[in-house]
Amino acid sequence: MNHVSPNQDRSAIQRKPDPCSFVIFGVTGDLTHRLVIPSLYNLAATDLLPDKFCVVGVARKGTSNDALRDSLMKGLRQFATRPVDDAVAKRLLECVTSIEANPKDPASFDALREKLEKLEANRSTGGNRLFYLATPPDAFAPTSRELGRTGLLQQKSGAWRRLVIEKPFGTDLASAKALNDELLKIVDERQLYRIDHYLGKETVQNILVLRFANGMFEPIWNRNHIDHVQITVDEKLGVGHRGNFYDTTGALRDMVPNHLFQLLSLVAMEPPIRFDARSVRTEKADVLGAIQSQSEEEALRNSVRGQYLGGIVDGIEIPDYRKTVHVKPDSTTETYVALKLNIDNWRWAGVPFYLRTGKALGIKRTEVAIKFKQAPFAMFRCTPVDRLSQNYLVISVEPTEGITLQFNTKVPGPTVTIDGVEMKFRYKDYFKAEPSTGYETLIYDCMIGDNILFQRADSVEAGWRAVRPFLDAWKKAGARGLEFYKAGSEGPAGAEELLGSDGRSWRNLG
Ligand code: BG6
């Protein structure tokens, strides 16, 4: 494949972050082993870690440095996205120090501060610190409070202090607001990095580039030309061992106000005046704030909830959701959700956004499909053409990474016959990127102080505000309206009707 642009050497413009300490709370947990350390490894392997650097692993029950390093090395061997170079891994793990601290024991945070200061002096990190909370969500506020009390987050003498928080950010509007209020008493918004791993995906970041670095899409990116937008995140995996978390969360909370709304906001936002964190995040928050609020009656009409029954996915038997460990036997938690949303602004008035996501489905697929309005059929009336196929621009996020344009073309031959064809761009055909965890960019951005890919407080709250009517309406409805679907199927029948009643249908993913 030929590249037509001269801008191919990204590494040339990537700079090394400032010296810093990278403090991980929850260092013994799954997230650290599965994603954080493999991402730091990938950054080390591409020479994008600071020269003066240390990793401080904090756990409620500390271990020796050697035991922690061994455990992280095992995780790295299991989860690395590229072959592990022992020398690089050794260099990285030598930077790791284990420290015990527990927010229930304030003295342990005072001790943490002392140890950290000593370590920083030894490693000449200049006092720059990044605190990464890879902990269960109930530890976010208490840990931050202790970091605040001990002054560990206070920026002084030119040293920066940053706080990285994982999802879920609250469980509804009230809890998200409370967490924002609490954190913003301790740090400035610019010190806060609320991670949504969808923004680490190249294809998701590319939505902005597709829209705003090309002259041909933006003029037609509006209600005059677009009929509707479909956002799909279908997963094959069932809930597995996460029953405890999932049964109190459900598909909507788990996926919609965060991952699906990231996709929606990038597709629907207005052009930012600059490619900087302030402008981009303002436009994203504005469009989320423009999602039309719905009465509970409308919310019931414009949503479908489903729960999976046992079935086979990829030859593996998945039990009924209700038979999953730690799931209530009469649970009404949804494992599938489809929504119809409207955005109340000049660009999108009258253009529905249909969102769907579910677990234990027959296919794994994440995509955004922009459906354009049909061309007038008039000129084909006296030809053998009886229909035109649909014009879609499809942004494929997973498992295929690319962009597809579907359009009509004349079938070669003496008669006028028209068929739908596809023009396809696939990342793998053009770019030889090493497989990544998707977290490298996010961690690197935290270290260089670029918040563009992180959620701001107002966006998080706008997201929860937009889903509130559905959560409220479903709570009142209980089991009423909950549909069931077989694991391995396409999801509940109601999802088809949601579009069918508008004279539309989901794009065939088959
Ligand atoms: C997580 C959810 O945030 O995202 C999971 O908690 C979900 O339930 C996952 O499976 C999906 O991420 P991805 O990158 O596989 O689409």
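One-based numbering, in listed order, for ligands and for the atoms of each. Heads up: numbering here begins at 1 and tracks the sequence.
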For a quick test of your reading: what N or O donor-acceptor pairs under 3.5 Å do the side chains of residues 23-37 make, sequence neighbours left out?
residue : atom : partner : partner atom : Å
Asp30   : OD2  : Arg34   : NE           : 2.9
Asp30   : OD2  : Arg34   : NH2          : 3.1
Thr32   : OG1  : Gly26   : O            : 2.8
His33   : ND1  : Gly29   : O            : 2.8
His33   : NE2  : Ser71   : OG           : 2.7

Show which side-chain atoms of residues 467-480 pair as donor or acceptor with protein atoms under 3.5 Å away, not counting sequence neighbours.
residue : atom : partner : partner atom : Å
Trp474  : NE1  : Ser303  : OG           : 3.2
Lys476  : NZ   : Glu296  : OE1          : 2.9
Lys476  : NZ   : Glu296  : OE2          : 3.2

Practice problem: Over 60° means perpendicular and under 30° means parallel, so classify the ring planes of Tyr439 and His197, tilted if in between. | Solution: parallel

Exercise. Might you point out which heavy atoms bring Asp85 and Tyr41 nearest each other, and give the distance in Å?
Key: N-OH, 2.6 Å

Quick check on ligand 1: any N or O pairs to the protein under 3.5 Å? One line per pair.
residue  : atom   : partner : partner atom : Å
ligand 1 : 3 (O)  : Lys167  : NZ           : 2.8
ligand 1 : 3 (O)  : His259  : NE2          : 2.7
ligand 1 : 4 (O)  : His259  : NE2          : 3.3
ligand 1 : 6 (O)  : Lys167  : NZ           : 3.0
ligand 1 : 6 (O)  : Arg242  : NH2          : 2.9
ligand 1 : 6 (O)  : Asp254  : OD1          : 2.6
ligand 1 : 6 (O)  : Asp254  : OD2          : 3.4
ligand 1 : 8 (O)  : Arg242  : NH1          : 2.8
ligand 1 : 8 (O)  : Asp254  : OD2          : 2.6
ligand 1 : 8 (O)  : Lys359  : NZ           : 2.8
ligand 1 : 10 (O) : Glu235  : OE1          : 2.5
ligand 1 : 10 (O) : Glu235  : OE2          : 3.2
ligand 1 : 10 (O) : Lys359  : NZ           : 3.0
ligand 1 : 12 (O) : His197  : NE2          : 3.1
ligand 1 : 14 (O) : His197  : NE2          : 2.8
ligand 1 : 14 (O) : Lys201  : NZ           : 2.6
ligand 1 : 16 (O) : Tyr198  : OH           : 2.5

Return all side-chain donor-acceptor pairs below 3.5 angstrom for residues 234-245, not counting sequence neighbours, or 'none' if the list is empty.
residue : atom : partner : partner atom : Å
Glu235  : OE2  : Lys359  : NZ           : 2.8
Lys236  : NZ   : Asp314  : OD1          : 3.1
Lys236  : NZ   : Asp314  : OD2          : 3.0

Quiz item: Is any side-chain N of the basic residue among Arg253 and Glu334 closer than 4.0 Å to the acidic one's carboxylate O?
Solution: no

